[in-house]
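What follows is a set of notes on a single structure, which appears directly below.
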Amino acid sequence: MRTFLIFCIFLGSACADYYTATSDLEVLFAAENILVEKFDDYLNKVEQKQTEIKEFLNYVDALQAEMSDPEAYHGNPLNAIVTIRRFVYQWKHDVLEKIFSTQDYDDYKITIANELQQLNITMPTQDDILGAGSGLLRLQETYKLSTSELADGKILDRQTEAELSASDCYEMGRNAHELNQHQYAVEWLLQARSLNQHPENITQVSDLQILELLAPALNRTGNLKLAHMLNSEILKQQPAHEAAIRDNIYYLHEMLRQRHILTAPQEDQGEDGKRSEEKPSKPDKYELYRRTCRGELRPTARQQRNLRCRYTDNNVPFRRLAPFKMELLSEDPFVAYYHNAMHESEMEQLQDVGFGNLKRTRVGQNSTAATSSIRNSKGIWLWYEKNSWLASIYQRLEDITGLSMESGEALQLANYGIGGQYEPHYDYMSSPTNDWKGNRILTALFYINDVDMGGGTAFPYLPLLVNPVKGSVVVWYNMHSSTEKDFRVLHAGCPVLKGSKWICNEWMHEGGQEFRRPCGLAPERTKSAAYEA
Ligand SMILES: *[C@@H]1O[C@H](CO)[C@@H](O)[C@H](O)[C@H]1NC(C)=O
Ligand SMILES: *[C@@H]1O[C@H](CO)[C@@H](O)[C@H](O)[C@H]1NC(C)=O
Ligand SMILES: *[C@@H]1O[C@H](CO)[C@@H](O)[C@H](O)[C@H]1NC(C)=O
Ligand SMILES: CC(=O)N[C@H]1CO[C@H](CO)[C@@H](O)[C@@H]1O
């Protein structure tokens, strides 16, 4: 109860979006450390008081035992003073005031408040739980992870340290239910129930609480029979449960109705007919995206025939001695890795700058851009003019791409957290601004750390999965050389399955490239028209 009060103090109005980046979670660990340490201090003080009070009680106990004849005892004037003093001082100050005083607790609160203020953190909220939960559900969906294996801390074929308790699983189920992902809700709640069967586990969730969600979730997946059965269990435990009584009527009624539909001839065919009409629809870009992230879709051998690794100097004199190691990933459209494109010290500095300074990344083109569930990451813009240490990266980008950075945007640093992803999108702007800079002609994406699992860059239409390689930059053109949009380069950031993902983006624009990337003579639209949405 008391710790809860402390948290209330710090529930600021600002939203920290803890689920969008892993870098922020580390601050929470620091905060928790403080809470534990200081609470320990507080408990020690309380314990000390208890010991003192106990000693006093023992002393009084012993006195009482000594007094075989109270009248004779109090006949001694010295003893009378001792007894009266006990009431005036000892009981009053040493026992009752000590117990009822909240001074230690107030001190504790103030200390904690000061220490946490120095960390400058906002406490996570229910929204963060929901965000982290939906991240996990996205991982399950994208990578087809089994609920029971996840709960055991198993991610694909790897065992991790993390293990979820019954109440964690319950929370996941509740999240899934709120997000209308009822099948996952059922799986997580069943998992919570089965963990509840081990009384030796620490669980803070009652079977009744689980059932209250499980029954409606089952109903939503269409499993009326089981929903009804579990609803009856609620009623067995709590015959006056209002919602369960109401739902019971619904389930019985609905089961009867369905039985009637199934046995009734002809006239209900309309409804059934509709269902049989539904054909398996063509996989949409999201399905292609998930399959590419899972590695199920890859370029064909024919597409890969001409892909080579080679050293290239891009005609930059300096690079004749220090050529780039280029790995061609797709010929047309051009997608390539350049390995060892960033130094260790640069990557460290970038992460240092990012740590604690990231803001939720926005989707869109200008200052009116909004945060969106399409992209859940945190980022920061680094302007070259203000960060002279970025000059060598600026130059390297020109050397790698052969394009001018004159019209390039600031470097964007981003960190993806739990289930962090960027749904399929194009980098070019649908309606570019009218200035000389024009549209985003090329994207250069640096991977500045190794991601434990997941977090690749998927091109569902190629189909190509580019796995993060620390220090490498992947480069692609968003537009044909005729300056028409290339619809084939739809791409996405696959959810981070384990670990954290740090990247840097540079978007180079059309302006100033006239002599560097000559325009194609013939329109090339036809190449990618089939992929236009
Ligand atoms: C604390 O955070 C707020 C908002 O996130 C920021 O405006 C402020 O400058 C920070 N203060 C310190 C001392 O870092
Ligand atoms: C059961 O699910 C249907 C839709 O699938 C919904 O309309 C109905 O309200 C649900 N009933 C209960 C008791 O949850
Ligand atoms: C930002 O872009 C939107 C369209 O995406 C446009 O309506 C708005 O005027 C732009 N704002 C600025 C400040 O450029
Ligand atoms: C999360 C957790 O504590 N799980 C344990 C629950 O109890 C079973 C049986 O003892 C263990 O195998 C789990 O590891």
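The analysis underlying the following values was restricted to heavy atoms, covering all of them including side chains, and did not include hydrogens, waters or symmetry mates. Read the numbers this way: they start at 1 and go in the same order the structure lists the ligands and their atoms. Heads up: numbering here begins at 1 and tracks the sequence.
The protein does not reach atom 9 (O) of ligand 2 closely, with no heavy atom under 4.0 angstrom from it.
A donor-acceptor pair shorter than 3.5 Å can be found between the side chains of Asn415 and Ser500. No side-chain donor from either of Tyr251 and Ser232 sits under 3.5 Å from a side-chain acceptor of the other. Using modelled atom types and a 3.5 Å distance limit, the side chains of His509 and Asn439 yield no donor-acceptor pair.
Between Asp247 and ligand 2, not a single N/O pair is under 3.5 Å apart.
Using a 4.0 Å cut-off between charged side-chain N and carboxylate O, Glu409 and Arg440 make a salt bridge.
From the protein, the heavy atom lying nearest to atom 6 (C) of ligand 2 is Tyr250 OH, 3.9 Å.
Remark: Glu532 CD is packed, more than 12 non-hydrogen atoms of other residues, nucleotides or ligands lying under 6.0 Å away.
Comparing Leu224, Ile249, Asn219 by heavy-atom distance to atom 12 (C) of ligand 2, the nearest is Asn219.
Near Arg220, with a cut-off below 4.0 Å to any heavy atom, the atoms of ligand 2 are 2 (O), 4 (C), 5 (O).
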